[in-house]
A.B. asks: 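Before I ask anything, here is the structure I am working with.
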Protein chains: 2
Amino acid sequence: MSDETTIPADGAKPAMTKEKRVRADAQRSTDALLEAAKKVFATSGVDAPVREVAERAGVGIGTVYRNFPTRSDLIAGVFRREVDACVAEATTLANTHPPCDALSLWLHRYTQFIATKKGLASALHSGDPAFATLPDYFRENFEPALAALLNQAADAGDIGGDVEPYDLLRAIGNLSVASGADGAAHIRRMVDLLIQGLRYNGSAP
Amino acid sequence: MSDETTIPADGAKPAMTKEKRVRADAQRSTDALLEAAKKVFATSGVDAPVREVAERAGVGIGTVYRNFPTRSDLIAGVFRREVDACVAEATTLANTHPPCDALSLWLHRYTQFIATKKGLASALHSGDPAFATLPDYFRENFEPALAALLNQAADAGDIGGDVEPYDLLRAIGNLSVASGADGAAHIRRMVDLLIQGLRYNGSAP
DNA sequence: TGACAATCGGAACATCGTTCCGTATCTGTA
DNA sequence: TACAGATACGGAACGATGTTCCGATTGTCA
């Protein structure tokens with residue numbers, strides 16, 4: 001609480017007070033940039049040149065730096081956007097599936113999110129201020145999302161209600177680190193196991 | 001065993017067959033470079049520019065690249081040199097202290113070695129071929145050194161003899177990862193605890 | 001429609017890793 | 001000791017990359 005950065009660092013829409021309306025072209029650039037960066041980072045890794053992202057997005061380099069003052073800010077922006085996408089899917093799944101199915105489907109979706117974040121692991125702890133708020137952003141968004149799914153499944157009597165959402169998020173995250181050759185399959189099995197555990201937890205008091 | 005590099009990658013003196021004698025100035029450059037790099041990396045981190053190392057060593061950039069074809073080779077060279085220094089100290093301590101004291105003193109010396117390698121952790125797993133042989137070099141040198149100290153202490157009846165040297169090396173390494181604010185002190189306490197454990201292990205069969 | 005401000009594009013700059021090559025130095029020999 | 005060839009040295013130069021700057025362009029609102 002001493003050296004805490006005072007910059008909000010919210011990469012999206014603050015919407016507080018009356019923010020001057022963003023110009024349409026600016027909004028388009030930001031979207032194209034985030035979309036292009038997501039693909040480029042997935043293909044060439046987070047070390048890919050900024051110019052490559054600019055080219056793929058069909059904008060000039062200057063535009064990149066107008067939207068994201070630093071290369072790290074661009075990376076952080078992609079991270080936040082993917083957090084948002086994954087969190088949004090929790091609601092979608094909850095509305096289109098039985099509680100326990102929704103929970104299971106989302107946890108597997110979450111492992112995919114984690115899988116794309118391998119390259120970021122070292123960057124997160126690099127001390128770069130652009131990444132400072134990312135762990136909080138991660139938790140503040142994922143924890144309520146998973147909590148909602150868990151509650152619905154618990155209310156339906158499918159699982160027990162004594163699981164800490166954050167513990168589960170961390171557990172799956174750690175599970176995904178050790179993945180070797182058949183990584184994806186291994187992770188899938190282990191997550192299924194966790195879900196089974198939740199079920200038993202519900203039926204056997 | 002398929003994609004194993006065939007390059008020896010021994011940064012020091014091969015000495016096999018009859019190697020042409022190295023010129024005196026070349027040897028001086030290599031030493032100055034390793035010494036300078038050690039200090040620069042300790043001060044500015046392993047990301048410090050090669051030019052900074054060259055300047056501190058008092059040589060031109062060309063000379064850096066003549067001795068270390070790649071920036072990563074320079075880092076690896078410093079790493080090996082520090083391994084050598086730490087290993088050499090094991091012998092020194094064994095000759096100047098009672099077995100159990102030597103063991104204790106060296107383990108604490110080893111924690112210092114580990115402490116300076118934080119920045120390398122991610123580089124080690126980066127896939128850079130210059131770092132490929134480092135883990136082996138680490139183990140091949142440290143394991144016998146610690147084994148000798150453990151044996152001497154065991155022969156003197158100070159500790160039990162059923163500790164795997166490599167396990168101990170890893171344990172202390174892992175211990176050092178988690179260090180937070182009072183890191184050094186915390187590590188010291190934990191290592192002392194391990195040593196206590198070794199002692200009890202000897203007196204209470 | 002017109003004017004103002006926000007945005008854009010990309011040339012230009014600074015920093016890095018790395019390469020090249022003319023020059024300086026060392027070493028073994030006469 | 002003096003010489004010649006081999007070896008090493010220094011640093012300019014190159015290509016890549018992050019970042020800055022500014023004139024040209026475009027969107028928005030009256």
Side-chain angles (χ1 to χ4, degrees), chain A residues 11 13-14 18-37 40-41 43-78 119-120 123 126-131, chain B residues 11 13-14 18-37 40-41 43-78 119-120 123 126-131:
Chain A
K13 316 94 202 172
K18 110 176 138 206
E19 200 75 31
K20 193 100 173 250
R21 164 108 153 274
V22 268
R23 262 174 57 167
D25 53 352
Q27 184 62 51
R28 228 176 308 140
S29 290
T30 304
D31 290 345
L33 239 15
L34 284 173
E35 195 60 28
V40 170
F41 290 159
T43 305
S44 314
V46 287
D47 288 333
V50 174
R51 283 170 176 79
E52 195 177 329
V53 175
E55 191 178 8
R56 175 144 200 168
V59 304
I61 308 176
T63 301
V64 180
Y65 280 89
R66 164 168 297 279
N67 285 275
F68 303 94
T70 269
R71 169 199 173 64
S72 299
D73 291 314
L74 176 57
I75 297 174
V78 172
L120 271 183
S126 67
D128 189 318
F131 299 138
Chain B
K13 315 95 203 174
K18 111 180 134 198
E19 199 74 31
K20 194 98 173 251
R21 165 108 152 275
V22 266
R23 260 173 59 168
D25 52 353
Q27 184 61 53
R28 228 175 308 139
S29 289
T30 304
D31 290 345
L33 240 14
L34 283 172
E35 195 60 29
V40 170
F41 290 159
T43 306
S44 314
V46 287
D47 289 333
V50 173
R51 283 170 174 80
E52 195 178 330
V53 175
E55 190 178 9
R56 176 142 200 171
V59 304
I61 308 175
T63 300
V64 180
Y65 280 89
R66 164 168 299 278
N67 285 274
F68 303 94
T70 270
R71 172 200 170 65
S72 299
D73 291 313
L74 176 58
I75 296 174
V78 173
L120 272 184
S126 67
D128 190 317
F131 299 138

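So you know, we letter chains A, B, ... as the sequences are listed, proteins then strands, and number each from 1. In what follows, every heavy atom counts, from backbone to side chain, and hydrogens, waters and symmetry copies are set aside.
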A.B. asks: Show the nearest heavy-atom pair for residues B:Arg56 and B:Ala36, with the distance to one decimal.
C.D. replies: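 Taking every non-hydrogen atom into account, CG-CB, 3.7 Å.
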A.B. asks: Rounded off to whole Å, could you give me the CD-to-P distance for the A:Gln27 and C:dA6 pair?
C.D. replies: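 From A:Gln27 CD to C:dA6 P: 17 Å.
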A.B. asks: May I have the step-by-step check of side-chain contact (heavy atoms from CB on, under 4.5 Å) for A:Phe68 and A:Val78, ending in yes or no?
C.D. replies: CA-CA 11 Å; A:Phe68 303 94; A:Val78 172; over 6 Å; no
A.B. asks: For C:dG10, does either OP1 or OP2 sit under 4.0 Å from a side-chain N or O belonging to A:Arg51?
C.D. replies: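 A:Arg51 to C:dG10 OP1/OP2: no side-chain N or O under 4.0 Å.
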A.B. asks: Apply side-chain contact (heavy atoms from CB on, under 4.5 Å) to B:Thr70 and B:Tyr65, showing your working.
C.D. replies: CA-CA 6 Å; B:Thr70 270; B:Tyr65 280 89; 5.6 Å; no
A.B. asks: To the nearest Å, give me how far apart CZ (B:Arg21) and P (C:dT29) are.
C.D. replies: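 After rounding, the reported distance stands at 12 Å.
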A.B. asks: What integer distance in Å separates A:Asp25:CG from C:dT7:C1'?
C.D. replies: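 So the two atoms are 6 Å apart, to the nearest Å.
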A.B. asks: I want to confirm an ordering. Mapping B:Gly62 and B:Tyr65 to their closest nucleotides on DNA chain C, which one lands closer to the 5' end?
C.D. replies: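 On the 5' side of the pair lies B:Tyr65.
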A.B. asks: In whole Å, what is the span from the CZ atom of B:Arg28 to the C1' atom of C:dT27?
C.D. replies: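 Between C1' of C:dT27 and CZ of B:Arg28: 13 Å.
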A.B. asks: To the nearest angstrom, how far is B:Asp73 atom CG from C:dT19 atom P?
C.D. replies: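 Roughly 11 Å, once rounded to whole Å.
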A.B. asks: Of B:Arg66 and A:Ile61, whose nearest nucleotide on DNA chain C comes first from the 5' end?
C.D. replies: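 Upstream on the strand: A:Ile61.
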A.B. asks: In whole Å, I'd like the distance from the CZ atom of A:Phe68 to the P atom of C:dC8.
C.D. replies: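 Going from CZ in A:Phe68 over to P in C:dC8 covers 11 Å.
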A.B. asks: Step by step, work out the side-chain contact (heavy atoms from CB on, under 4.5 Å) result for B:Val64 and B:Val53.
C.D. replies: CA-CA 8 Å; B:Val64 180; B:Val53 175; 5.6 Å; no
A.B. asks: Assess whether side-chain contact (heavy atoms from CB on, under 4.5 Å) is satisfied between B:Phe41 and B:Leu120, documenting all intermediate values.
C.D. replies: CA-CA 10 Å; B:Phe41 290 159; B:Leu120 272 184; over 6 Å; no
A.B. asks: Name the closest nucleotide to the B:Arg23 side chain, picking from C:dC26, C:dT7, C:dT18.
C.D. replies: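 Within the option list, the nearest is C:dC26.
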A.B. asks: With a strict under 4.0 Å distance from non-hydrogen atoms of chain B, what nucleotide opens and what nucleotide closes the contacted stretch of DNA chain D, reading 5' to 3'?
C.D. replies: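 So the outermost contacting nucleotides come out as D:dA6 to D:dA13.
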A.B. asks: Keeping the roles fixed (side chain from B:Thr63, backbone from B:Val59), state whether a donor-acceptor pair exists under 3.5 Å.
C.D. replies: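 Checked: no pair found.
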